[in-house]
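Whatever order the structure lists ligands and atoms in, that order sets their numbers, starting from 1. Because the structure is a prediction, the values reported are computed rather than measured.
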Amino acid sequence: EASVAEYLGVKHAISVGNGSDALTFILRSLQLGKDDEVICPANSFIATAWSIIAAGAKPVFCDVTDDFLLDPNDFQKKITKNTRAVIPVHLTGRVFEINLIREICNDHSISIVEDAAQSFGAYDSKGAKTGAIGIAGAFSLHPLKNLNICGDGGIITTNDLNIAQNCILLRNHGLV
Ligand SMILES: *Cc1c(COP(=O)(O)O)cnc(C)c1O
């Protein structure tokens, strides 16, 4: 955890059972209600969408562009008064350029939660590493991912103390 946090330049790296738990715990830390909406790309591994449901919110699918990443134009069209978060997915290690939507997210108080399951070590055109771009990032260490371990694993990364503390409670039955 310490070396991941240092490598990515984030305050907190929290290891969990898998990438799906990483996403779900981050979203649960945002305390979403059933009418709250989280926008995610329609083209991703299914865990992106179901983690939103597992956290008690509603997934809203957004189209992708030719690079298979979230379409910033369609993203804008999908925003409603209930939109609380967006999950850009850095699919196959391609990094979604967050600057394209950051201002819109700031204007609407939309949290950016990165699905970085397939992108450990990837960075955007300005050198920002995935997992250190949004309010939190979720990595998977599943054997099929680009950084993998034997068995299963995941990592949550964040600079947000509340999210970090909440995820530490969620990962192990409230035990710290
Ligand atoms: C693999 C993957 C996940 C889930 O990770 P697990 O460790 O398998 O739970 C989530 N999102 C994407 C894009 C993935 O590829």
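Thr130 and Ser119 share a side-chain donor-acceptor pair at under 3.5 Å.
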Solution key, residues 82-91 side-chain donor-acceptor pairs under 3.5 Å, sequence neighbours excluded:
| residue | atom | partner | partner atom | Å |
| --- | --- | --- | --- | --- |
| Thr83 | OG1 | Thr80 | N | 2.8 |
| Thr83 | OG1 | Thr80 | O | 3.2 |
| Arg84 | NH1 | Asp36 | OD2 | 2.9 |
| Arg84 | NH2 | Leu30 | O | 3.1 |
| His90 | ND1 | Phe96 | N | 3.0 |
| His90 | NE2 | Glu114 | OE1 | 2.8 |

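Phe45 carries Lys145 over the face of its six-membered ring, with the cationic atom under 6.0 Å from the centre and within 45° of the normal. For the pair Lys129 and Tyr7, the cation-pi test (distance below 6.0 Å, angle within 45°) is passed.
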Dump all N/O pairs between ligand 1 and the protein below 3.5 Å as a table: atom names plus distance, one pair per row.
| residue | atom | partner | partner atom | Å |
| --- | --- | --- | --- | --- |
| ligand 1 | 5 (O) | Ser140 | OG | 3.4 |
| ligand 1 | 7 (O) | Gly19 | N | 2.8 |
| ligand 1 | 7 (O) | Ser140 | OG | 2.6 |
| ligand 1 | 9 (O) | Gly19 | N | 3.4 |
| ligand 1 | 9 (O) | Ser20 | N | 2.9 |
| ligand 1 | 9 (O) | Ser20 | OG | 2.5 |
| ligand 1 | 11 (N) | Asp115 | OD1 | 3.2 |
| ligand 1 | 11 (N) | Asp115 | OD2 | 2.7 |
| ligand 1 | 15 (O) | Gln118 | NE2 | 2.8 |
| ligand 1 | 15 (O) | Lys145 | NZ | 2.9 |

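Between Val64 and Pro41, the closest heavy-atom pair is CG1-CB, 3.8 Å.
A salt bridge between Arg171 and Glu1 is present, with a side-chain N of the basic residue lying under 4.0 Å from a carboxylate O of the acidic one.
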